[in-house]
There are 2 protein chains.
Amino acid sequence: MGKNQPDLLPGTLDMLILKTLTRAPLHGYGIAQSIKRLSDDVLTVEEGSLYPALQRLLLQGWVKAEWKMTDTRRRARYYTLTAAGRKQLGLELSQFEQVIGAIGRVLRDAEA
Amino acid sequence: MGKNQPDLLPGTLDMLILKTLTRAPLHGYGIAQSIKRLSDDVLTVEEGSLYPALQRLLLQGWVKAEWKMTDTRRRARYYTLTAAGRKQLGLELSQFEQVIGAIGRVLRDAEA
DNA sequence: GCCTATGTATAGATAATCTATGGGTAGAAA
DNA sequence: TTTCTACCCATAGATTATCTATACATAGGC
């Protein structure tokens with residue numbers, strides 16, 4: 001069978017993760033749950049997308065990680081947004097809005 | 001140097017092409033120009049993205065192609081939207097809006 | 001003891017895009 | 001008549017980002 005529909009829009013995952021971390025530090029699983037819940041189950045972040053993305057963000061210095069215990073008494077890696085990450089988020093947000101606006105103009109057939 | 005910024009949002013190209021063809025049949029070059037102009041130069045469709053995309057659309061039966069002469073007296077391949085293509089466009093539009101809405105909710109941090 | 005939810009992580013496949021390149025014509029300018 | 005620019009099509013290969021599938025591990029409820 002297969003779903004034949006992507007779980008999210010390619011190119012938006014890093015932005016979504018960074019945004020999610022502006023509220024509070026979260027572990028990977030929590031980030032995925034948060035995005036899923038806030039999007040009313042429209043966006044699903046698979047593990048195979050999430051953890052590589054978090055590695056990318058760590059490497060870029062946009063988040064930092066720390067092992068802690070969850071309130072359910074399990075080891076988990078908590079990610080925190082860095083200053084550079086906050087700046088990057090701002091950049092990605094403005095680029096995203098610009099592109100979405102441009103797509104909207106094409107879809108609405110705005111004539112010069 | 002290099003630009004370090006994508007020319008468009010991955011996953012949206014087919015939709016943009018189909019939408020562009022709802023106005024009138026166009027050749028590849030014309031499609032690219034149209035998208036560029038309507039988006040105020042924000043979206044740029046490279047040939048290496050455009051022609052493979054048109055091949056995909058042909059294979060799916062969403063467009064059909066015909067060689068004609070342009071008003072500048074050159075051979076060009078004109079693409080026309082098929083009924084199936086129109087249906088597909090509707091599908092992609094609604095999915096796109098759903099995903100964009102979901103992303104918007106996450107970015108605005110809508111709490112349940 | 002088993003099941004479910006919680007948690008991290010990687011390997012490999014897949015898909016879509018970009019870069020780079022090749023070919024070719026019309027018309028204007030030099 | 002050569003050269004330049006705009007017009008036109010197309011593909012190979014690299015790159016990037018995502019998904020699928022898998023592996024491992026623990027807490028708590030049944």
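Chain identifiers are assigned alphabetically (A, B, ...) following the order of the sequence lines, protein sequences preceding nucleic acid strands; residue numbering begins at 1 within each chain. No experiment lies behind these values; they were computed from the predicted model shown.
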Problem set entry | Interatomic distance, A:His27 NE2 vs C:dT6 C1' [rounded to whole Å] | 8 Å
For this session: Name the nucleic acid region contacted by B:Gly30, choosing base, sugar-phosphate or nothing; use a 4.0 angstrom heavy-atom cut-off, strictly under.
Result: nothing
Seminar exercise, completed: To the nearest angstrom, the CG-C1' distance between A:Leu50 and C:dT6 comes to 14 Å
For this session: Grab the OH-C1' distance between B:Tyr51 and C:dA16 for me, whole Å please.
Result: 18 Å
Exercise. Base, sugar-phosphate alone, or nothing: which one does A:Leu8 contact when heavy atoms must sit under 4.0 Å apart?
Worked result: sugar-phosphate
Seminar exercise, completed: Result for side chain to side chain contact (heavy atoms under 4.5 Å, CB included) between A:Leu54 and one of A:Leu59, A:Ile31, A:Asp14 points to A:Ile31
Exercise. Rounded to the Å, how far apart are B:Leu16 CG and C:dA16 P?
Worked result: 14 Å
Exercise. Out of A:Leu16, A:Thr12, A:Leu8, which one pairs with B:Val106 under the side chain to side chain contact (heavy atoms under 4.5 Å, CB included) rule?
Worked result: A:Leu16
For this session: Would you jot down, in residue-number order, the residues of residues 57-82 of chain A having a non-hydrogen atom under 4.0 Å from DNA chain D?
Result: A:Thr72, A:Arg73, A:Arg74
Exercise. Quick one: A:Met15 CE to D:dA17 C1', roughly how many Å, whole number?
Worked result: 15 Å
Taking only nitrogen or oxygen atoms into account, show me every contact under 3.5 Å that the protein makes with nucleotides 1-3 of chain D, one pair per line with its distance.
none

For this session: State, yes or no, whether a side-chain contact exists between A:Val99 and A:Phe96 at a heavy-atom distance under 4.5 Å.
Result: no
For this session: Send over the distance from B:Gln55 CD to D:dA12 P, rounded to a whole Å.
Result: 11 Å
Exercise. If you group Ile, Leu, Val, Met, Phe, Trp and Tyr by side-chain heavy-atom gaps below 4.5 Å, do B:Leu89 and B:Leu91 land in one group?
Worked result: no
For this session: Check the distance between C:dG7's P and A:Glu46's CD and give it to me in whole angstrom.
Result: 18 Å
Problem set entry | For B:Tyr29, ring pair (Phe, Tyr, Trp, His ring centres under 6.0 Å) partners two or more places apart | none
Problem set entry | ring pair (Phe, Tyr, Trp, His ring centres under 6.0 Å) partners for A:Tyr78, two or more places apart | A:His27
Report all interatomic pairs (protein N or O, nucleotide N or O of nucleotides 13-15 of chain D) with separations under 3.5 Å.
none

For this session: Could you pull out all residues at least two apart from A:Thr72 that satisfy side-chain hydrogen bond (donor to acceptor under 3.5 Å, both in side chains)?
Result: A:Thr70
Exercise. Between D:dT18, D:dC7, C:dT8, which nucleotide has the shortest distance from any of its atoms to the side chain of B:Tyr29?
Worked result: D:dC7
For this session: Check every strand shown and say whether A:Glu47 touches a base, only sugar-phosphate, or nothing at a heavy-atom separation below 4.0 Å.
Result: base
